[in-house]
Undergrad: 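Sharing a structure, written as structure tokens. Questions coming.
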Amino acid sequence: MAFTEGGEQRERRCMPQIMALDTRIQRTYKGKIIKQRIERNQKSNVKRKYFKELKKEGLETTPQQYARSSTDETGEDAEQSERPGRAPRSNPYEKLIRVRDEAKRQKDEERRRKNLEIKQVEKRRSDYMHERKEERKKYNARTKRGQPVLSNQISSLLDKIKRA
């Protein structure tokens, strides 16, 4: 503990000298790497057990026969030789792409609709403000002697009566 000028005690804190760079690296998150390793081990265990069972049944096969190749002996694609009667496989992400495009189209349509509504509201507001400004001009009109022009006020009142 150290003493300050006022006589108070305070605790000193300093970084430990032992902590080096390599120990900090050891403490980093390695979950993804560990998960990948576990998954790889599980897959290899399943494969090993499968080939062991085949061996017990008397079917002599090697893992190399099951390895995927781009073309087999005839020069055809491996997928077509496995499924001669079927059409080629469609894109597995086609549905996701379709859903994404549909959502994007709906968002664009919604955005267009909102922009149209906003423009209409702004137009109505600007028309109203223009009419109000004209009305105020008429009400504030004065004669040479500073008196209000009553004909403008009377015509305004008549317009209000006709609208109602």
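By convention here, the first residue in the shown sequence is residue 1. All heavy atoms count here, side chains included; hydrogens, waters and symmetry mates do not. Just so it is clear, the model here is predicted, and its values are computed rather than measured.
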Undergrad: Taking distance alone, no hydrogens or angles, what donor-acceptor pairs closer than 3.5 Å link side-chain atoms of residues 107-124 to residues at least two apart or in another chain?
TA:
unit_1: Asp108; atom_1: OD1; unit_2: Arg111; atom_2: NH1; d: 3.1
unit_1: Glu109; atom_1: OE1; unit_2: Arg105; atom_2: NH1; d: 3.2
unit_1: Glu110; atom_1: OE1; unit_2: Arg113; atom_2: NH2; d: 3.2
unit_1: Glu110; atom_1: OE2; unit_2: Arg113; atom_2: NH2; d: 2.3
unit_1: Arg113; atom_1: NH1; unit_2: Glu117; atom_2: OE2; d: 2.7
unit_1: Asn115; atom_1: ND2; unit_2: Arg111; atom_2: O; d: 3.4

Undergrad: Strictly below 4.0 Å, N to O, side chains only: are Lys35 and Glu39 in salt-bridge contact?
TA: no
Undergrad: Which residues satisfy the side-chain hydrogen bond (donor to acceptor under 3.5 Å, both in side chains) test with Arg48, sequence neighbours excluded?
TA: Asn45
Undergrad: To the nearest 0.5 Å, what is the distance between NZ (Lys133) and OG (Ser126)?
TA: 12.0 Å
Undergrad: Please tabulate, one pair per line, all N/O donor-acceptor pairs under 3.5 Å involving side-chain atoms of residues 134-151, not counting sequence neighbours.
TA:
unit_1: Glu135; atom_1: OE2; unit_2: Ser156; atom_2: OG; d: 2.4
unit_1: Tyr139; atom_1: OH; unit_2: Ser156; atom_2: OG; d: 3.1
unit_1: Asn140; atom_1: ND2; unit_2: Arg136; atom_2: O; d: 3.3
unit_1: Thr143; atom_1: OG1; unit_2: Gln147; atom_2: N; d: 3.1
unit_1: Thr143; atom_1: OG1; unit_2: Gln147; atom_2: O; d: 3.3

Undergrad: Hey, could you give me the CG/CG distance between Asp101 and Leu96, rounded to the nearest 0.5 Å?
TA: 11.0 Å
